[in-house]
Amino acid sequence: MKYYEFTEPYYALIKATDRNEAIEIYEKDVADLEGERFTFSEVNPSFALLKISREITEKTSDELNVDKILHDFSQIDSPELLVIDSSLA
């Protein structure tokens, strides 16, 4: 699995097998890109983990639990939307 960060028109972090699957997930769960320009790139797992941990700590008042975040991150074994633009959530 690979990680893809979309930055335009809406932010999203997606885990997918390839670029095409990432685009499919983005179009289904974030925004229909038909005829629109968009920007995205593949990012490494460490970057994805950092983004997810920031998202978790920003949305909760809980202390950062590194073990739990690492465990949850390692359990994601299927393609999915991991983080979405807060204006869409």
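Since we're looking at a predicted model, the values are computed, not measured.
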Handout entry: Partner residues of D67 under the side-chain contact (heavy atoms from CB on, under 4.5 Å) criterion, sequence neighbours left out
Key = N65

What's the shortest heavy-atom distance between [X] and [Y], and which atoms?
X   : Y   : value
P79 : M1  : CD-CE, 3.3 Å
L81 : V30 : CD1-CG2, 3.9 Å
I25 : A16 : CD1-CB, 4.4 Å

Does [X] have any ring pair (Phe, Tyr, Trp, His ring centres under 6.0 Å) partners at least two apart in sequence or in another chain, and if so, which?
X   : result
Y26 : F6
F73 : Y3
Y10 : none

Problem - Separation of N44 CG from K2 NZ (nearest 0.5 Å) - result: 13.0 Å

Problem - Spatial distance of atom CG (L13) from atom OG1 (T7) [nearest 0.5 Å] - result: 11.5 Å

Problem - Side-chain touch L49/I69, heavy atoms, less than 4.5 angstrom - result: yes

Do you reckon [X] sits in the same ILVMFWY cluster as [Y], going by side-chain contacts under 4.5 Å, direct or chained?
X   : Y   : result
I76 : V43 : yes
L70 : V83 : yes
Y4  : L88 : yes

Handout entry: Worked verdict on F38 versus I23 for side chain to side chain contact (heavy atoms under 4.5 Å, CB included)
Key = CA-CA 10 Å; F38 59 94; I23 292 169; 4.0 Å; yes

I need the full list of salt bridge (Lys or Arg N to Asp or Glu O under 4.0 Å) pairs touching [range], with sequence neighbours left out, sorted by first then second residue.
range          : value
residues 71-80 : K68-D72
residues 38-51 : E5-K51
residues 11-25 : none

